[in-house]
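Written below as C-alpha cells is the structure these notes are about.
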Amino acid sequence: MNLFEPLLTRLEGWIDPFKPRHSYEPPNRLLAYVWFYVRQAKWAFFALLLYGFVHALIEAALFSFVGRIVDIMASAESAAIRQEGWESLISNYGVELLAMLAIVVIGRALVIAWGAMIEEQVIVPGFFTLMRWQSHKQVISQSLSYFQNDLSGRLAQKVMQSGQAAGDMMISLLQIIWFVVVYAFTTVGLLAALDIRLGAVVMAWIAIFAVIAWHFVPKIRHYGKLVAEAGSVASGRLVDGYTNIVTVKLNSGSGVEENFVHEAMADMHEALKKFTRKLTGVRVVLSTVSGLMIGVIGYLAMDLWLQEEISAGQVAFTLAMVLRLNLLLGRLMGNLNGFFRSAGTAQNSMETIAKPLTMGDADDAKPLEFIQGRIQFEKVRFSYGDGGSVLRDVSLEIKPGEKIGLVGPSGAGKSTLINLLLRFFDPQSGRVLFDGQDIRSVTQKSLRENFSMVQQETALFHRSVFDNIAYGKIGVDRSEVVAAARHASADEFIQELEDNKGRKAYDARIGERGVKLSGGQRQRIAIARIFLKDAPILVLDEATSQLDSEIEAAIQENLLDLMKGKTVIAIAHRLSTIAQLDRLIVMDGGEIIEQGSHRELLAKGGLYARLWKRQSGGFIAKDISEPALAK
C-alpha cells in the first residue's frame, strides 16, 4: 500500500471541496443543477467517462478472445498441436496468446484500478463533500424565515443527501449506463462484421430497450422524487421529536408523537410501493424482450454455421457477447432503481437548496464602517406576509451610548424591530441606518459583528462549554473565556460539569441546545458569550428572565460595567429590569405610542403607567420603586 500512497494522496487532492466561490446558488432545473456542481470536477468525471469506454471495449475483446481460442482449437493444425504440446502451440500462436494474456491480466487490471481510484479517491470524498459543503453554504445564507418555515432535520438531510444523490447518479451514468451503451454498440459493430443480420437483430434489441425505457423513465423519476420527499419529511419529523424528547416523554400517553411519525412513515411506505411497482413492471417487460432476442440471435447464428458462413468459434463469440449483453441490460435495470432514486433525491434536494437568497448581501455591499454607533429607523413598515402590518411607519433614533428599553404587550413589534436592526428581515418600506449607512448596503457579517445579543430562548450548541462561550470570536484563549464566565457568575457551576465521556468543566459537552443545563445555567453561558465578544451594541431580550434573584443581582452588577460606553437596547416584560435605562420606548400595535424616562412615563399615566401598576409583588424588585427613582 505504501507504494501507492503518493498516487492516492495526489488523486485525493484532485478536487478541493472547500474552494471558495463567488456564488453558491445553483439553478433550479435538474440537469442544470447537477451540472453546476459537476462542472467544478469535470475532468474527474471525464476520466470516469473514459474509463467506462475503455472498460467496455476490453470486456467485448474478452469474448472475441474466447471465439479466437475456439477457432484455434478447431483448426486443421489442432491435432498436431495437441501431439507436440505447448511448444507447438507457442510456436504457432505464442505472440497472439501472449497479447490476449497481457490484456486480460495487466490491461484489464490497470483499467479497473484506474476506475476504482477515480471513483473512490476522487469523486466520493471530493465531489460528494464539495456538493454538501456548497449546499450548506447556500442554505446557511438563507433568511431567517426560510428556517422558520421548515424542519431543521429535513433541511439537514437535504444538504447531506444532495452530494450522495448527485454523485451516485453520475457514477451510475458513467460507470454503468455509459459502459452498457458502449458495450451494446460495440456488440452491434462486431456482430455486424460477421453478418449484417446479426448486427441488425442486436440493433433492434437496443431500439426496443430504448423505447421501453423512454416510456417508463418519466414515471420512475416522478415516483423516485416522491420517495425522496416522503423520506425527508419522515426524517425531519424524527429529528423534531428527538430534539424535543422531554416534551415527548411527558406527553407519551397521548400518542401524538407516535401518530405524527407513523403518518410520515406510512406516506413513505406508500410512495415506495408505487415506485417499486414501476420498477418491477419495466424489468419484467425488458426480461421478456431480452429472452426473445437471445432466442432469435441463437437461431440465426446456428443457421449461419450450418451454411458454413461463420465458424464454430464465431458462434461461441456471438453467443458469449449476446449473453453478456443480456446480463448487462439486466444489471442496468437493477441499477436504474438506484439511478432514478438518486435522480429523484437530487431533484428533491434541488427544490430546497436551489432557492434564491431573499436576504443576501448586495453585489456592491461593503463592510460596515463603525463611527459612533448611531442607529436610525426611518418610517419603517414591515409585515411577515400574513396581511397584517407588524410595524407601521416607525421612526426612531438611538444615540451612541444611549441605553433604551423597548416596552409593550406581546405582538407590539419589539422583537421585530430588533430583527430588522440585525437584518434578519428587510422592511417593506423605509430604511434602517447605522452611522448613516443603509444596512442593506453593507455586508451582514460586518453589521452583526457590532452586536452582542442575549435572548430569552438561549441558543446553545452540543459542543463544549468553551466552544459555546467563545462562539463568534476567533482565536480566543482559555483565560479570556474563564474571565467572561466569572463575570456571568457561571464559572462555579462550570467547574462541576462532567459529560458521559469524562470531559470536565470547560471541555464538557452540554447536549443538544444545552439540554444538560438548567435554564438559568444556559442563560449565564449566553451572557458569558456577550462579555467575551464585548461588541459596541448590546441587545438584551429578557436576558435575565430565567435567573433567580440572587444570581440576577450578581450579573446585573457586571452587566452595568459591560454597558459602560455601549449602546444598549433591552426588551423586558419585567419592567423593573429596565426602569433605570436612559429612555423607554413604548410600543403597541406596531407603533411607538410613548417614549421617555421611567418617571416621565409614569407621570403621563398612559400605557406604560398601566403596565407598571399591573406588575406588582414578585414581578417588581423591592429595591426599585417610584419614590426611589424620583430622588
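- Contacts of Glu397 classified as side-chain hydrogen bond (donor to acceptor under 3.5 Å, both in side chains), with partners at least two apart in sequence or in another chain: Arg374.
- Separation of atoms CG (Leu422) and CD (Gln444) is listed at 10.5 Å; rounding is to 0.5 Å.
- Side chains of Asn468 and Tyr506: a donor-acceptor N/O pair is absent below 3.5 angstrom, by distance only.
- Shown here are the salt bridge (Lys or Arg N to Asp or Glu O under 4.0 Å) partners of Asp426, two or more places apart in sequence or in another chain: Arg423.
- For the pair Glu378 (side chain) and Leu433 (backbone), a donor-acceptor distance under 3.5 Å is absent.
- To the nearest 0.5 Å, atoms CE (Met131) and CD1 (Ile123) are separated by 13.0 Å.
- Formation of a donor-acceptor pair under 3.5 Å by the Arg21 side chain with backbone atoms of Ser23 is found in this model.
- Residues meeting the side-chain hydrogen bond (donor to acceptor under 3.5 Å, both in side chains) test with Glu263, sequence neighbours left out: Arg237.
- Summarising the geometry, atom CG belonging to Leu601 is positioned 11.5 Å from atom CZ belonging to Arg599; distances are rounded to the nearest 0.5 Å.
- For the pair Ser446 (side chain) and Leu368 (backbone), a donor-acceptor distance under 3.5 Å is present.
- Pro26 pairs by the side-chain contact (heavy atoms from CB on, under 4.5 Å) definition with Tyr33, Phe36, Tyr37, Gln138, Ile353, Ala354, not counting sequence neighbours.
- Remark: Arg29 CZ is loosely packed, at most 12 non-hydrogen atoms of other residues, nucleotides or ligands lying under 6.0 Å away.
- In this structure, the separation between CZ on Arg583 and CD on Gln595 is 5.0 Å, given to the nearest 0.5 Å.
- Nearest heavy-atom pair across Thr443 and Pro367 is OG1-CA, 3.9 Å.
- With 3.5 Å as the limit, one finds a donor-acceptor pair spanning the side chains of Asp467 and Ser464.
- A search for side-chain contact (heavy atoms from CB on, under 4.5 Å) contacts involving Lys379 returns Asp393, Ser395, not counting sequence neighbours.
- A side-chain donor-acceptor contact under 3.5 Å links Arg524 to the backbone of Ser489.
- Atoms CZ and CZ, from Phe434 and Phe451 in turn, are 5.0 Å apart once rounded to the nearest 0.5 Å.
- Using a 4.5 Å cut-off on side-chain heavy atoms (C-beta onward), Ile569 and Leu540 make no contact.
- Proximity of a side-chain donor or acceptor of Lys414 to a complementary backbone N or O of Gly408 within less than 3.5 Å is detected.
- Heavy atoms from other residues, nucleotides or ligands lying under 6.0 Å from CD of Gln495 number more than 12.
- For residues 125-147, the set of pairs meeting the salt bridge (charged side-chain N to carboxylate O under 4.0 Å, His left out) definition, not counting sequence neighbours, is empty.
- For the pair Lys403 (side chain) and Lys566 (backbone), a donor-acceptor distance under 3.5 Å is present.
- Between Leu417 and Ile571, the closest side-chain pair of non-hydrogen atoms is not below 4.5 Å.
- Side-chain atoms of Phe531 and Ile469, non-hydrogen and from C-beta on, never get closer than 4.5 Å to each other.
- The side-chain hydrogen bond (donor to acceptor under 3.5 Å, both in side chains) test applied to Asp435 returns no partner, not counting sequence neighbours.
- Proximity of Leu391 to Leu420: side-chain heavy atoms (C-beta onward) are separated by under 4.5 Å at one or more points.
- Aromatic ring orientation, Trp133 versus Phe18: perpendicular (interplanar angle above 60°, classes split at 30° and 60°).
- For Ser429, the side-chain contact (heavy atoms from CB on, under 4.5 Å) criterion is met by Arg381, not counting sequence neighbours.
- Counting heavy atoms from C-beta on, the side chains of Ile418 and Phe424 never come closer than 4.5 Å.
- A search for side-chain hydrogen bond (donor to acceptor under 3.5 Å, both in side chains) contacts involving Asp588 returns nothing, not counting sequence neighbours.
- Once rounded to the nearest 0.5 Å, the distance linking CD1 of Ile537 with CG of Leu421 reads 8.0 Å.
- Considering only heavy atoms from C-beta on, Lys366 stays 4.5 Å or farther from Val442 through its side chain.
- Residues satisfying the side-chain contact (heavy atoms from CB on, under 4.5 Å) test with Ala535, not counting sequence neighbours, are Ser452, Lys533.
- Residues satisfying the salt bridge (Lys or Arg N to Asp or Glu O under 4.0 Å) criterion with Lys604, sequence neighbours excluded, are absent altogether.
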Ile494/Ile525 under side-chain contact (heavy atoms from CB on, under 4.5 Å): CA gap, chis, key distance, verdict: CA-CA 9 Å; Ile494 291 172; Ile525 294 289; 3.8 Å; yes
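- Among pairs with a residue in residues 474-484, those fulfilling salt bridge (charged side-chain N to carboxylate O under 4.0 Å, His left out) read Arg478-Asp507, at least two apart in sequence or across chains.
- Under a 3.5 Å cut-off, the side chain of Glu402 and the backbone N or O of Asp582 do not form any donor-acceptor pair.
- No salt bridge links Glu591 with Arg392; every basic N to acidic carboxylate O contact stays at or beyond 4.0 Å.
- For His598 and Tyr608, the gap between ring centers is short of 6.0 Å.
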